[in-house]
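Report on the following structure.
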Protein chains: 2
Amino acid sequence: MKRQITIKDIALKLGLSTSTISRALKDHPDISPKTRTAVKELAALLGYRPNRVALNLRNNSTSTIGLIIPEIEHYFFSAIINGIEEVAYKNDYSVMVFQSNESYKREVINTQAVLTNRVDGVLVSFSKETNDFSHFQKLIDNEIPVVFFDRVIDELQADQVVADDYQGAFLAVNHLIEKGCRRIAHFAAPQHLAIGKSRLSGYHDALLKHSIPFDQSLVVLADTFDTARKAAHDILRRPDYPTGFFAVNDMAAIAIIKEAKHLGLRVPEDVKVVGFENSKSAAISEPELTTVDQFGFELGREACQQLLRRLKNEEKNTDFKPTKKVIKTRLVVRSST
Amino acid sequence: MKRQITIKDIALKLGLSTSTISRALKDHPDISPKTRTAVKELAALLGYRPNRVALNLRNNSTSTIGLIIPEIEHYFFSAIINGIEEVAYKNDYSVMVFQSNESYKREVINTQAVLTNRVDGVLVSFSKETNDFSHFQKLIDNEIPVVFFDRVIDELQADQVVADDYQGAFLAVNHLIEKGCRRIAHFAAPQHLAIGKSRLSGYHDALLKHSIPFDQSLVVLADTFDTARKAAHDILRRPDYPTGFFAVNDMAAIAIIKEAKHLGLRVPEDVKVVGFENSKSAAISEPELTTVDQFGFELGREACQQLLRRLKNEEKNTDFKPTKKVIKTRLVVRSST
DNA sequence: GAATTAATTTCAATCGTTTGCGAAAACATT
DNA sequence: AATGTTTTCGCAAACGATTGAAATTAATTC
């Protein structure tokens, strides 16, 4: 790479010291107007750009935040990244993205990568595989601010930003009941994830509210298209198949619709389905999917804002109190119910 | 942030100089085995991690690549990011992501950001708005390797990685013709983009091959869901509406299907539709969309690999010859044709 | 035991920028 | 003319790590 123009080049050409150049460039009062303009003009002429790396070293901060995320290709996560990048951009931060690909091992390596890259703070949504959280604890021990979003864990002393999973699930199931469903299945996420638990309990409580008994056999673990399609196939061929479905995400919900239609059932007449996410695909499926909007973009924004807040107040971090921000969800009613 | 352990801390505790620590840690032969193990043990005990920022400054390289991309939320681009991150990860590079949001102004700022962040190289897919490419020229003038992907421009001395748009379009339209379509519309991308031109010309040549006259009125500019739906509405209400549609991306294709069904036409019996991208949505739409697979993941991988190749060979960059890698596309036939 | 060689370790400069402190001008005051 | 004030600028250290060259110590040879 071509050597970039440095403050030293300007100093040499002007017969001044680097200190003077540095001060002139940032309008330090000690510098006479004459030399100040001279310096600025030459700097502009030469196309001088301060070397961020040198500043990073001196200031012991990089204006960079690390993002550890399961998979970029998932619509919900890409919406989140969008929100994060938006806030980072406005605050002159850069974002380094690390994908865990839902792999615990890779996630551990990712945490090491953010450490060696000396990012100022980290945003994390951990992988499905992750049960041991000591790699995140190590970040916290290093006093690097960490904000968890979507997939969170209470055991760590860190901020959290999540969608209101309980409320969303409650809304969804309540809606199904109001549409006349009495037997409602839930396609759930793994129960070691908070989102899995919360959505299940929203489902549970909505049933309770309408005095519908909870039936464990109607709760199945299925949070991908393929597993959901398979599970839907099995459950829909039972003689007493449920007429309502609440899926933990849109892909699973769409799989249910596909399979129901495949089995000759009409949606929403015979079977009603609600998803969770409000992805692009929800509006595309036939019939269009009723779903819970998770506001991924806002969630990403909030997470990033919370992180930046921590970064500003870093000096006075006497007694750390983790915050938990809950983003309200919204039921988007379409024609699948 | 807590002060990290440095080489100096180890030196102090061991009564040695920093040079010795540095050499011991990297198995320099000058260091006696005794001190070497002592150093390494203490380093491990204290949890020493070399400060990447200091190294970046010294080596004048950051092991970081910048990515400038229109919008992360678009499936095709997120697949590309996935591929890029994969290759970067394997080669110990980090990726900084900058979104242009299809805005020229923001893209210019993005190029400045990658410059001040001193990334080693840049991957770019420029915005639809971009007509002036001098901001990229500035990167090249600074001898920062740039690889363009998907949206490329021949006027710049830089490598390119693109899908075989011409071939994909040709395959798509040829397929429509073989399925019996004679009047085929093309929903195109802006013609100042290479992808716009290439796909149009693939469309054109496929018609030519079967001696079908080219009809300018069947080519409309529509590359988003909304514009495509509107355009489909207009064109399908003409008495001589086309029976085949080739859309520049899946979203536009799905909009056509939706609108056709809305107007009481059957897909694929009355109207056949082919998209371009092979997004998740293509498999979800009803009927499932025949489309051209762009292999976004592979495209991202190739782009990143090409960039890394440039970074390795940087010293001997005497006569620069831009390369152009074309990723073959594949027609995925589903039930919309 | 002195001299030579070999094995270890340290010094100091470097990457680009900032900043406290001291120094040298320029100016003002008697 | 001597002193006191400002104004303006440079020195040098610092951030953390690397590295050629010099210096120290230990080992070897005659």
Side-chain angles (χ1 to χ4, degrees), chain A residues 1-40 42-43 46-64 92 115-120 142 314, chain B residues 1-40 42-43 46-64 92 115-120 142 314:
Chain A
M1 205 183 324
K2 201 168 68 178
R3 217 180 56 74
Q4 293 272 344
I5 301 293
T6 76
I7 230 172
K8 217 183 279 183
D9 298 318
I10 302 178
L12 221 60
K13 282 217 166 75
L14 251 40
L16 291 170
S17 75
T18 58
S19 345
T20 305
I21 310 301
S22 172
R23 292 193 173 102
L25 287 174
K26 43 175 46 183
D27 294 320
H28 192 287
D30 273 9
I31 305 300
S32 72
K34 185 169 76 240
T35 58
R36 183 187 316 163
T37 57
V39 168
K40 285 193 173 177
L42 186 59
L46 296 178
Y48 166 77
R49 308 186 64 81
N51 187 325
R52 179 77 146 266
V53 177
L55 287 176
N56 290 348
L57 177 59
R58 178 162 229 282
N59 302 335
N60 196 29
S61 100
T62 54
S63 294
T64 297
D92 275 314
L115 264 178
T116 63
N117 276 293
R118 292 295 205 276
V119 299
D120 290 349
N142 276 294
E314 247 196 331
Chain B
M1 204 182 325
K2 200 168 70 179
R3 218 180 55 74
Q4 292 273 344
I5 302 294
T6 76
I7 229 171
K8 216 182 279 182
D9 299 318
I10 303 178
L12 221 59
K13 282 216 167 79
L14 251 41
L16 291 170
S17 74
T18 59
S19 343
T20 306
I21 311 301
S22 172
R23 292 195 170 99
L25 287 173
K26 45 175 45 183
D27 293 320
H28 192 287
D30 274 8
I31 305 300
S32 73
K34 184 170 76 241
T35 58
R36 182 186 319 162
T37 55
V39 168
K40 285 194 172 177
L42 185 58
L46 297 178
Y48 166 77
R49 309 185 63 80
N51 187 325
R52 179 77 146 265
V53 176
L55 288 176
N56 290 348
L57 177 60
R58 180 163 226 284
N59 302 335
N60 196 30
S61 101
T62 53
S63 295
T64 296
D92 275 314
L115 264 177
T116 63
N117 277 294
R118 293 295 205 275
V119 298
D120 291 349
N142 276 294
E314 246 196 333

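Residue numbers begin at 1 in each chain, while the letters A, B, ... track the order of the sequences.
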Please name the residue in the list A/Leu16, A/Ile21, A/Thr20 that meets the side chain to side chain contact (heavy atoms under 4.5 Å, CB included) test with A/Ile10.
A/Ile21
Of the nucleotides D/dT8, D/dT19, C/dT10, which one has an atom closest to the side chain of B/Ser17?
C/dT10
I need the CD1-P distance between A/Ile10 and D/dG10, as an integer number of Å.
14 Å
Can you check whether A/Thr18 has a side-chain N or O nearer than 4.0 Å to OP1 or OP2 of C/dT17?
no
How would you label the contact of B/Leu16 with the nucleic acid (heavy atoms, under 4.0 Å): base, sugar-phosphate, or nothing?
sugar-phosphate
Which part of the nucleic acid, if any, lies within contact of B/Ser32, taking any heavy atom under 4.0 Å across all strands shown: a base, the sugar-phosphate backbone alone, or nothing?
sugar-phosphate
Contact list for DNA chain C against residues 50-58 of chain B - heavy-atom distance below 4.0 Å
B/Leu57, B/Arg58
Specify the separation, in whole Å, of atom CD1 of A/Ile31 and atom C1' of C/dA25.
14 Å
Please report, rounded to the nearest Å, how far the C1' atom of D/dG10 is from the CG atom of A/Leu14.
15 Å
d(A/Arg49 CZ, A/Thr6 OG1) to nearest 0.5 Å is 14.5 Å
List the atom of A/Asn117, the atom of A/Thr62, and the distance in Å for their closest heavy-atom pair.
O-CG2, 4.2 Å
Approximate separation, where rounding is to 0.5 Å, of B/Asp27 CG and B/Lys40 NZ:
3.5 Å
Using five pairs at either end of the helix from C/dG1-D/dC30 to C/dT30-D/dA1, determine the angle between the two local helix axes and round it to 10 degrees.
70°
I need the OH-P distance between A/Tyr48 and C/dG16, as an integer number of Å.
10 Å
To the nearest Å, how far apart are B/Ile21 CD1 and D/dT18 P?
11 Å
DNA chain D nearest-nucleotide lookup for B/Asp30 and A/Arg36: closer to the 5′ end is A/Arg36
Between B/Ser19 and B/Ser22: side-chain donor-acceptor atoms closer than 3.5 Å:
no
Check every strand shown and say whether A/Thr6 touches a base, only sugar-phosphate, or nothing at a heavy-atom separation below 4.0 Å.
sugar-phosphate
What heavy-atom pair brings A/Ser61 and A/Asp120 nearest, and what distance separates the two atoms?
CA-OD1, 3.4 Å
What residue among B/Asp9, B/Val39, B/Leu25 forms side chain to side chain contact (heavy atoms under 4.5 Å, CB included) with B/Tyr48?
B/Leu25
Separation between CZ of B/Arg58 and CG of B/Asn56, rounded to the nearest 0.5 Å:
13.0 Å
So, is B/Thr35 close to the C/dT9 phosphate, meaning a side-chain N or O under 4.0 Å from OP1 or OP2?
yes
Between D/dT18, C/dT10, D/dG10, which nucleotide has the shortest distance from any of its atoms to the side chain of B/Arg23?
C/dT10
Please work out if B/Thr20 contacts a base, only the sugar-phosphate, or nothing of the nucleic acid, heavy-atom cut-off 4.0 Å.
base
Whole-Å distance, B/Asn60 CG to D/dT18 P, equals 16 Å
Measure from CD1 on B/Ile7 to P on D/dA14 and round the result to the nearest Å.
17 Å
Distance, rounded to the nearest Å, where A/Asp27 contributes CG and D/dT7 contributes P
17 Å
What one should report as the nearest heavy-atom pair of A/Ala24 and A/Arg36 is O-CG, 3.6 Å
Output yes when at least one side-chain N/O atom of A/Lys8 is less than 4.0 Å from OP1 or OP2 of C/dT17, else no.
no
Heavy-atom pair with the smallest gap, counting every atom of A/Gln4 and B/Asn142:
NE2-OD1, 3.3 Å
A/Arg49 or B/Ser19, whichever maps to the more 5' nucleotide of DNA chain C:
B/Ser19
